[in-house]
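To start, the structure under review is shown below, and the notes come after it.
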Amino acid sequence: EKEIEIPPGLSRLFAGNNLLSEQDEIGSVTSGIILISEGPIIIVSQPILTSNNEGPARGTLVFGRYLNEAVVTNLTQETLSELTLHPVDSVLTSDLNAALSSLIRGDKPVFVQALDAQNIAAYSLINDIYEKPALVLRIIIPREIYFLGQEAIIFNILAILGVGLVLAGLTMWVVHKQLLVRLALLIKGVTAISSSGDTTIRLNIGGTDELTVVAGTINGMLGALEESEIELNKRYEQEKDLRQNLETEIENRAEYTRALVHELKTPMTPVLAASELLLEELTDPTLRQLAESIDRSALNLNRRIDELLDLARGEVGQLTLNLGPVDPLKLLIEVAGEIQSVALLKGQSLAQELPAALPSIMADEERLKQIVLNLLNNAIKFTPQGGQITLRAREDDSDLIIEVEDTGRGISEEEQQRLFEPYHRSESDRDRLSGLGLGLTLAKSFVELHGGRIWVESDKGKGSTFTFSIPLKAVSQEI
């Protein structure tokens with residue numbers, strides 16, 4: 001026979017010891033794929049034995065066949081599928097790369113993906129005789145079952161639509177005859193009731209079905225509404241009378257308060273003038289001390305009268321602000337200076353933690369001063385000897401924040417709920433502290449007139465911090 005030279009790529013495989021040349025054991029066979037420079041080849045090797053399959057082996061018998069294009073074409077014809085083989089170390093397309101990555105990871109032995117609307121591809125990894133990835137087998141199959149399924153779905157949809165249209169037509173006819181005509185009568189009756197508001201109208205729908213039950217229910221509701229309307233009118237008239245009586249009582253109380261304030265103010269004016277003259281004329285220490293006591297008491301009483309008047313104005317909506325530009329830092333320093341002596345008399349210290357500058361605000365200077373004085377006076381009242389009161393101020397976004405902190409006995413959560421109510425005092429304070437309990441109420445009214453808010457943070461036995469905010473922009477509002 002004609003001798004054919006072994007290809008160089010294959011001959012290199014027999015150099016040295018390897019799986020193909022070391023076939024000296026009976027029954028040992030090596031078969032599989034090998035990638036050589038000439039291309040992939042199917043190869044089988046086994047030892048050369050006697051006819052009785054006995055050794056020792058006299059050599060190795062090797063059979064091989066190239067997996068060339070002709071072989072692949074023949075397989076394609078036999079399987080009726082487009083079959084291709086691709087070495088793993090060659091340049092692969094995107095679908096082959098995706099399949100190779102999945103197969104190497106070992107997710108599944110076979111990777112399947114749709115190439116387009118007409119074809120689907122299956123991929124499998126073929127290892128060589130050394131159990132290393134050698135080839136990617138790709139089989140492309142037309143999606144005939146998919147197309148048949150699509151056609152079946154479309155046919156079923158059309159069939160369902162046809163049957164549905166027929167049933168819908170029959171249903172509409174029945175609904176129109178048995179439901180819509182009577183429903184239109186029901187709607188017409190309800191519309192007439194809603195447009196006229198007449199609860200004496202009743203619906204008359206014949207039959208024994210659900211529409212009849214609905215009509216009967218509506219008639220029952222109309223009857224209940226008619227009775228409720230009569231009762232509501234009675235209650236409205238009663239409430240109207242009560243509201244008028246309450247408004248009259250509030251007006252009478254406010255008028256009485258204004259009259260009382262007027263009667264108290266009239267004799268207070270000469271008392272204040274006389275006390276001021278006495279302080280200017282007296283030089284005797286004892287008499288001057290008595291005159292100072294009279295002057296302080298008169299001023300204190302005058303403030304109480306002003307608080308009553310402000311409260312009466314607030315109740316009838318006549319409490320207003322006289323807005324103008326105010327330097328808050330200057331005002332706070334002045335107020336702290338006025339109250340400093342009072343704190344010193346009680347053995348307390350008044351600290352001022354104020355910034356170097358604060359922006360000017362639009363506010364009622366007298367009312368703002370009244371708010372700060374009230375909070376400082378309260379702090380002095382409820383702080384024991386040796387305690388400290390701290391006045392702070394800062395700019396926060398669009399607001400001016402002012403705080404008064406004390407080291408007093410603190411306020412319970414229950415008391416905090418009613419702290420800003422008029423005339424409110426705790427039971428323990430009513431006998432030992434002066435005042436009407438209007439200061440915080442008026443402070444809250446003045447702060448809200450400026451468009452701000454006031455709040456307190458306190459724990460029993462740990463002191464209290466009263467804080468209020470005033471917007472940095474102009475405010476024009478009445479309550």
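The first residue of the sequence shown is numbered 1, and numbering continues consecutively from there.
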**Prompt:** Does Leu442 reach the side chain of Ile371, with side-chain heavy atoms less than 4.5 Å apart?
**Reply:** no

Please report, to 0.1 Å, the donor-acceptor pairs under 3.5 Å made by any side chain of residues 325-340, with sequence neighbours excluded.
from, atom 1, to, atom 2, distance (Å)
Asp327, OD1, Leu329, N, 3.2
Glu338, OE2, Lys369, NZ, 2.9

**Item:** Counterpart residues, side-chain hydrogen bond (donor to acceptor under 3.5 Å, both in side chains), relative to Glu78 (two or more places apart)
**Value:** Asn74

**Request:** To the nearest 0.5 angstrom, please state how far the CD atom of Glu457 sits from the CD1 atom of Ile411.
**Result:** 11.5 Å

**Asked** How about Glu414: does its CD atom have over 12 heavy atoms from other parts shown lying under 6.0 Å from it?
**Response** no

**Item:** Any side-chain heavy-atom pair of Pro87 and Leu135 under 4.5 Å
**Value:** yes

**Asked** Given side chains that start at C-beta, do those of Phe466 and Leu419 come closer than 4.5 Å, heavy atoms only?
**Response** yes

**Asked** Is it true that a side-chain atom of Asp397 and a backbone atom of Asp399 form a donor plus acceptor pair closer than 3.5 Å?
**Response** no

**Message:** Can you confirm whether more than 12 heavy atoms, excluding those of Gln244, are under 6.0 Å from its CD atom?
**Reply:** yes

Name the atoms and distances for all side-chain donor-acceptor pairs under 3.5 Å in residues 95-105, with sequence neighbours left out.
from, atom 1, to, atom 2, distance (Å)
Asp95, OD1, Thr93, OG1, 2.5
Asp95, OD2, Tyr123, OH, 2.5
Asp95, OD2, Arg138, NH1, 2.9
Asn97, ND2, Leu92, O, 3.3
Asn97, ND2, Thr93, O, 3.3
Ser101, OG, Asn97, O, 3.0
Arg105, NE, Asp107, OD2, 3.1
Arg105, NH2, Asp107, OD2, 2.9

**Request:** Any chance you could measure Leu440, atom CG, to Asn374, atom CG, to the nearest 0.5 Å?
**Result:** 5.5 Å

**Request:** Indicate yes or no for a side-chain donor-acceptor contact from Asp406 to the backbone of Ser464 under 3.5 Å, with no hydrogens or angles considered.
**Result:** yes

**Asked** What residues form a side-chain hydrogen bond (donor to acceptor under 3.5 Å, both in side chains) with Glu226, not counting sequence neighbours?
**Response** Arg202

**Message:** Quick check: closest heavy atoms across Thr407 and Gly387, and the distance to 0.1 Å?
**Reply:** OG1-CA, 3.4 Å

**Message:** I want to check something: taking the side chain as every heavy atom from C-beta on, are Val136 and Phe111 in contact at a cut-off of under 4.5 Å?
**Reply:** no

**Residues Glu239, Arg235: salt bridge by 4.0 Å N-O rule** = no

**Prompt:** With a 4.5 Å heavy-atom cut-off, do Leu375 and Phe468 have their side chains touching?
**Reply:** yes

**Request:** List the steps, then state whether side-chain contact (heavy atoms from CB on, under 4.5 Å) holds for Ile380 with Ile389.
**Result:** CA-CA 7 Å; Ile380 291 172; Ile389 294 96; 4.1 Å; yes

**Message:** Once side chain to side chain contact (heavy atoms under 4.5 Å, CB included) is applied, do any residues pair with Pro359, and if so which ones, sequence neighbours excluded?
**Reply:** Glu395, Leu472

**Prompt:** Does Glu229 offer a backbone N or O that forms a donor-acceptor pair with the side chain of Asn233 under 3.5 Å?
**Reply:** yes

**Prompt:** Who passes side-chain hydrogen bond (donor to acceptor under 3.5 Å, both in side chains) against Thr390, sequence neighbours left out?
**Reply:** Gln388

**Request:** For Lys346, look at atom NZ and say whether over 12 heavy atoms of other residues, nucleotides or ligands are found less than 6.0 Å away.
**Result:** yes

**Message:** Which heavy atom of Arg143 sits nearest to which heavy atom of Asp116, and what is that distance?
**Reply:** NH1-O, 2.9 Å

**Prompt:** Roughly how far, to the nearest 0.5 Å, is the CG atom of Leu350 from the CD atom of Gln348?
**Reply:** 9.0 Å

**Prompt:** What are the two closest heavy atoms between Ser412 and Lys460, and how far apart are they?
**Reply:** N-CD, 4.0 Å

**Asked** Is there a side-chain contact between Leu323 and His450 (heavy atoms, below 4.5 Å)?
**Response** yes

**Request:** Mind checking the CG-CD1 spacing from Asn119 to Ile140? Nearest 0.5 Å is all I need.
**Result:** 6.5 Å

**Fill in**
Rounded to the nearest 0.5 Å, the CG atom of Asn377 sits from the CZ atom of Phe382 at a distance of 11.0 Å

**Message:** Taking the side chain as everything from C-beta on, heavy atoms only, tell me whether Asp364 gets closer than 4.5 Å to Leu449.
**Reply:** no

**Request:** Determine the minimum heavy-atom distance between Val88 and Pro133, stating which atoms define it.
**Result:** CG2-O, 3.4 Å

**Asked** Under 3.5 Å, side chain of Gln416 to main-chain N/O of Ser458, donor-acceptor pair present?
**Response** yes

**Asked** With a 4.5 Å limit on heavy-atom distance, are the side chains of Leu368 and Ile361 in contact?
**Response** yes

**Item:** Rounded distance (nearest 0.5 Å) linking atom CG of Asn378 with atom OG1 of Thr383
**Value:** 10.0 Å

